[in-house]
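The block underneath contains the structure these notes are about, expressed in structure tokens.
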Amino acid sequence: MSGYLGCKGYLKYLGFIPVLFLALAVFMTGCRGQGDEPGKGQQPSLAAGTPDSIRQIAEARGLSQKDVEAALKTYIPSGRFDEYVLFASGGHSGQVFVIGVPSMRLLKTIAVFTPEPWQGWATGSAETHEILTGGDMPIGENRTLNWADVHHPALSETDGDYDGQFLFVNDKANARVAVIDLRDFETKQIVKNPNTISDHGASFVTPNTEYIIETTQYATPLPFHEYAPLEEYKEKYRGLATFYKFDREKGRIDESKSFSIELPPYWQDLCDSGKKVSDGWVFCNSINVEMATGGINHGAPPFEAGVSQKEADYLHVFNWKKAEEVYKAGKVNDLNGMSVIPLDTAIAEGILYFMTVPKSPHGVDVTPDGNFIIASGKLDTHATVYSFNKIMDAIKNNNVEGKDEYGVPILTFADVVEAQVEIGLGPLHTQFDADGNAYTSVFVESTLAKWRLGPPIYNGPDPWTLVEKIPVQYNIGHVVCAEGDTVAPDGKYCVALNKWSIDRFLPVGPLHPQNFQLIDISGENMQLLYDMPIGVGEPHYVQMVKADKLKPWLVYPEVGFNPMTMSVDPEAASVGNEKIVRDGNTVKIWMSAIRSHFNPEHITVNQGDKVTMYVTNVERARDATHGFAIEGYNINLSLEPGEASKVEFIADKPGVFPFYCTEFCSALHLEMMGYLLVKPSPGS
Ligand code: RUQ
Ligand code: CUA
């Protein structure tokens with residue numbers, strides 16, 4: 001029943017669009033809960049021939065035949081590994097979660113945009129602090145950003161397939177993009193876009209990770225720190241699509257080789273890169289073709305009404321290879337150190353075209369063969385399928401139905417559309433399997449819809465039709481299927497990434513977990529296998545990669561390894577070179593850590609001294625991590641075997657401060673400590 005309440009919320013939310021009342025009423029049944037009493041299982045009814053040992057357990061636990069099957073499909077015995085790995089957006093936590101499939105066990109939290117003490121992330125080491133502040137705001141004081149709204153992870157690709165090397169994530173709130181190296185699962189770089197304050201269409205990679213794409217969400221003046229009143233919205237406000245050049249060798253974004261394209265002030269939304277036949281193109285949705293500026297507080301229509309007045313918005317079609325040529329030819333403006341292709345140039349050079357998409361579109365997804373581009377309106381019941389060949393023909397023949405206010409050509413809708421597939425109310429995002437099926441999350445009705453593509457990717461009977469829908473609990477945002485956005489999807493599993501869980505878990509107060517639901521798609525019918533509560537809000541996109549594509553290090557390759565440079569640090573402490581060196585009021589300390597002591601253990605400095613510590617974990621054993629915390633100085637490091645780290649602080653607090661290892665590394669871990677003695681300066 002609570003599922004029904006969830007849907008009622010949407011009635012209110014969408015109530016200003018009367019036509020939707022009818023549609024919602026029709027679909028409301030799809031919103032209802034699954035009929036079970038919250039927290040209670042179904043009645044057991046096991047198949048004949050089930051061994052007694054299993055029957056007894058199932059009966060005692062109230063498990064049905066289906067429950068037992070689901071349990072067997074997800075259970076991973078101790079010491080065995082999962083087949084797939086999810087890289088999940090950590091939402092406002094600013095981090096990334098790593099989860100095994102099918103067990104749905106949380107394997108790791110990767111610190112990205114938010115300090116994370118257990119990893120020593122920006123809680124002591126100079127290097128991690130440098131990475132975090134690398135994404136600082138280019139203006140103002142006190143500018144270190146300590147949180148982010150992580151939306152979309154993107155694994156690096158080679159020929160359109162995940163290669164397991166890097167992961168990119170964006171921060172919608174501040175328009176930042178981070179680079180994570182999957183050799184050690186650590187963040188290596190955070191880049192702040194100097195010209196836009198928010199993004200959403202990020203992170204998406206081109207098929208060989210030439211570029212990482214980021215588009216503006218909410219239009220602001222260009223650059224965002226210029227002031228212009230909302231009355232000047234059409235003239236002064238702009239969107240941007242930024243193409244960050246990725247240097248695979250260095251494992252970093254190269255801002256000096258990156259460029260942006262100026263866009264009209266529609267709110268650019270999600271993107272997907274063309275692949276195979278459509279390689280060289282990028283497709284990004286947008287909303288607010290109305291260029292509404294809100295103003296409910298002085299009688300204007302609120303944004304939600306203003307932005308969805310018109311029947312259609314624009315899907316942006318970019319020729320990124322052409323844009324790269326134009327950028328290299330220097331036809332750009334320099335804006336805060338970023339090369340920006342002006343909108344007029346983008347139009348004149350044939351870099352940008354529009355296609356209309358009905359009813360407040362959101363996601364856009366390219367089929368594995370690259371032939372079709374699928375976009376869905378949040379207030380629509382269809383997925384609209386565009387043909388890449390038809391788009392190319394329309395561009396070649398200048399087959400346009402007009403231009404927008406800024407002169408961008410709009411391709412004739414009827415001539416670029418391949419199909420419109422009726423799938424349910426509120427479709428958002430689409431993934432694919434290996435058999436020519438698409439899986440679309442349907443938000444308003446809380447379902448996952450499986451439907452057939454058409455030729456040439458699916459050549460069987462009944463192309464472009466709905467196959468099956470499965471209810472999910474509740475309010476599904478994204479869906480992810482195994483490698484389901486690559487050129488070679490695996491099928492097998494999808495995970496519904498539900499915003500609301502309502503009645504699925506033990507209550508933990510008014511702030512409920514989100515619900516990741518594992519769904520088996522390998523059989524004739526989709527089967528719900530497992531609910532995983534996500535105790536952190538609010539994840540968006542997730543990618544699912546075959547576990548054997550990842551080749552992470554189990555210890556750092558050599559002692560004295562600096563994760564920032566991914567090489568041995570010439571300054572690193574090692575066994576035998578531990579020392580304390582004073583030079584005026586600067587004190588440098590080289591310290592080793594090994595079970596179960598630090599060397600040195602006594603450090604005496606004067607109040608006001610500038611202290612630099614080089615600390616190395618000299619262990620070679622797997623999992624022999626040491627922490628290094630200085631009490632009262634707000635410092636904690638995590639030193640993985642081989643890792644060298646650097647700590648810098650001013651010893652401004654006089655007194656005696658124990659330092660200790662924060663990882664329970666051995667039987668004598670409690671004894672792994674030392675004293676920092678700070679002698680008061682004579683005047684204090
Ligand atoms: S967006 S569902 Cu970034 Cu769809 Cu969240
Ligand atoms: Cu090292 Cu505890």
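Keep in mind that the numbers below use all heavy atoms, side chains included, and drop hydrogens, waters and symmetry copies. Just so you know, these numbers come straight off a predicted model, no measurement behind them. First listed ligand is number 1; within each ligand, the first listed atom is number 1.
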Enumerated ligand 1 atoms positioned under 4.0 Å from heavy atoms of [X]:
X      : value
His478 : 1 (S), 2 (S), 4 (Cu), 5 (Cu)
Lys499 : 2 (S), 5 (Cu)
His200 : 1 (S), 3 (Cu)
His362 : 1 (S), 4 (Cu)

Do the side chains of [X] and [Y] get close enough for a salt bridge, i.e. N-O under 4.0 angstrom?
X      : Y      : answer
Glu157 : Lys275 : no
Lys646 : Glu127 : no
Asp171 : Arg176 : yes

Distance-only polar pair, side chains of His540 and His478, donor-acceptor under 3.5 Å: no

Distance-only polar pair, side chains of Tyr162 and Asp485, donor-acceptor under 3.5 Å: yes

Side chain, backbone, both or neither: Lys172 near ligand 1, heavy atoms under 4.0 Å: neither

Atom 3 (Cu) of ligand 1 contact by His151, N, O or S atom under 2.8 Å: yes

For the student: nearest non-hydrogen atoms of Ser638 and Trp118, plus distance: CB-O, 3.6 Å

Protein heavy atom at shortest distance from atom 5 (Cu) of ligand 1: His540 ND1, 2.0 Å

Atom name, His429 (N, O or S, nearest to atom 4 (Cu) of ligand 1): NE2

